[in-house]
Amino acid sequence: MTMYSMSSMRMLVDESRLRQAFCGVLEKWSRAVNVYFSNWEKCPFPRMGKSQFCDQILPLYRHVTSKWTTCEDLELKQAIIKALGPMMSLLLHKEEYQDKVFKQIPWLLKQYKEDVNVFHATKSLRQLLEVSGEYKILLPKRKFQAICSALHNRICSQTQQLIMENHMELFYCILLLARSSPDDLIAFLHSQLKIKKETVRVESLNLLTDIIGADLPETRVRKFRIVKAVKSALSDQSAKVKMAALHFVKKLLSSGSVENCAAGDMVAYVFREFDVSTRNLVLWPRILTYVVPTQYTGTLKPLCRCLQEMAEKKMQEGGEAACLDYSGQGKLPTPQGLLARLLVVASSPYEREGHGYSVLQLLKALHQNIHAAVGEMWGVKIPALLQHLEGNTENSLNHEQWEHMLLQVQDDFQMY
């Protein structure tokens, strides 16, 4: 009855304050119907079909979007924006009306460039994305890209500080896009990371960090693609970009399930940046403490690579620079424990992207610290093991022969 009365008098509403009140009713009515759709199994009254509600609101939606959206009155425009989200969300429930909803998205996004309170534009957009995601309604490709660009530009904008409330709405919209079309969103943010502009890269990294932190089912299985996107910005020398990248790595490694997502490259980046920032090898020999514990097995390949580089640098310095003080306060693993751990890992050399090769290279670099007396012998045997791996594949390697070769190295060590 309310909609019937409003439809019959809509042509008579020509004064700005009346139009604002009119939009207020449309907003509340549409919100109420959307709540009803979500909870109608609890309603004691006979269920009304979605078409009935959509058909009621459509004439008013058409009238507002065709006659009133060109207004100059900011208060009226604000009222239209607040009503638009609930009305568009409602009309999405009827397939034949969806194109009419999508057609209005550019006007809503345009408001980010106007002198209006963009919080309400973001809130209306959020309502639209919530319904489209809940009912698996795919946005047209161009509209999806337009939404991504508008939200990203707003987040990157430095002309006006984002109030916390609006920032949260913008972020939630990004998460909704990640749920509905994760591949498209990751591809979009990857393209933004290729832009050599500090603010764009920093905010893109921040968004990918937030997405990783949200641990959505849709993005959980796409961590490799996300890491690949982030790697495109790791060569940036900007301090802010580096800090954003390090925050991403921290969130990635604390999220769990980092296997097969190139997390090792991210760990190597952390070590590399730490080494550069301190201008000395303060990581030596501290990161040796992460080699033996099994919980760090997933990051063993980059750990070994970094330790190898550090050991080789220390060897170049000569003297006792490369020698480890096992009696110090660093609680370093014992030579026996270190050797045993690395040989165990080397027994399955092709696992985890070939980390067995990396641990053997580390053994070669650390020979002086395992036992000084075996250095000359290992100068022959470890390269022979590396060469044996290079001449085989996971399928062609004779595992029984390989285990015998590793045990021979351990026996040689025990002789001393």
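Residue numbers run from 1 in the order of the sequence given. Note that the coordinates shown come from a computational prediction; the quantities given were computed from them, not determined experimentally.
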*Asks:* Of the non-hydrogen atoms in T65 and T69, which two are nearest, and what is the gap between them?
*Replies:* O-OG1, 2.9 Å
*Asks:* Any idea which heavy atoms bring D215 and R220 closest together, and the distance?
*Replies:* O-NH2, 2.8 Å
*Asks:* With heavy-atom distances below 4.5 Å as the criterion, would you say the side chains of Y112 and T122 are in contact?
*Replies:* yes
*Asks:* Rounded to the nearest 0.5 Å, what separation is found between the CZ atom of R62 and the NZ atom of K100?
*Replies:* 5.0 Å
*Asks:* Could you tell me if R126 sits above the aromatic ring of Y172, with its cationic atom closer than 6.0 Å to the ring centre and no more than 45 degrees from the axis?
*Replies:* yes
*Asks:* Can you name the one residue among I174, L185, L189 that meets side chain to side chain contact (heavy atoms under 4.5 Å, CB included) with L208?
*Replies:* L189
*Asks:* Would you find a donor on one side and an acceptor on the other, under 3.5 Å apart, between the side chain of S157 and the backbone of R154?
*Replies:* no
*Asks:* Can you list every pair that meets ring-ring contact (aromatic ring centres under 6.0 Å, His included) and has a residue in residues 76-108, with sequence neighbours left out?
*Replies:* F37-H93, H93-Y135
*Asks:* In Å and rounded to the nearest 0.5 Å, what is the CG to CD distance from L151 to E169?
*Replies:* 11.0 Å
*Asks:* Dump the intermediate steps for side chain to side chain donor-acceptor pair (under 3.5 Å) on S149 and N153, then the final yes or no.
*Replies:* CA-CA 6 Å; S149 296; N153 288 340; 5.5 Å; no
*Asks:* Is it the case that the side chain of R201 and the backbone of V241 share a donor-acceptor pair, with hydrogens and angles ignored and the cut-off at 3.5 Å?
*Replies:* no
*Asks:* Is it true that D55 and K94 make a salt bridge, defined as a side-chain N closer than 4.0 Å to a carboxylate O?
*Replies:* yes
*Asks:* Hey, is D184 close enough to K141 for a salt bridge, meaning N to O under 4.0 Å?
*Replies:* yes
*Asks:* Got a second to check how far K240's NZ is from E198's CD, nearest 0.5 Å?
*Replies:* 5.0 Å
*Asks:* Kindly state each residue pair satisfying ring-ring contact (aromatic ring centres under 6.0 Å, His included) with at least one member in residues 225-246, sequence neighbours excluded.
*Replies:* none
*Asks:* Any side-chain heavy-atom pair from P86 and Q127 closer than 4.5 angstrom?
*Replies:* yes
*Asks:* Taking S396 for the side chain and T393 for the main chain, is one N or O donor matched with an acceptor at less than 3.5 Å?
*Replies:* yes
*Asks:* Under a 4.0 Å N-O cut-off, is there an ion pair linking D236 with K242?
*Replies:* no
*Asks:* Please list, chain by chain and in numerical order, all residues satisfying ring pair (Phe, Tyr, Trp, His ring centres under 6.0 Å) with F22, sequence neighbours excluded.
*Replies:* W68
*Asks:* Given 3.5 Å as the limit, does a donor-acceptor pair link the side chain of S124 with the main chain of A121, or not?
*Replies:* no
*Asks:* State, with a plain yes or no, whether a side-chain heavy atom of P349 is found less than 4.5 Å away from one of W402.
*Replies:* yes
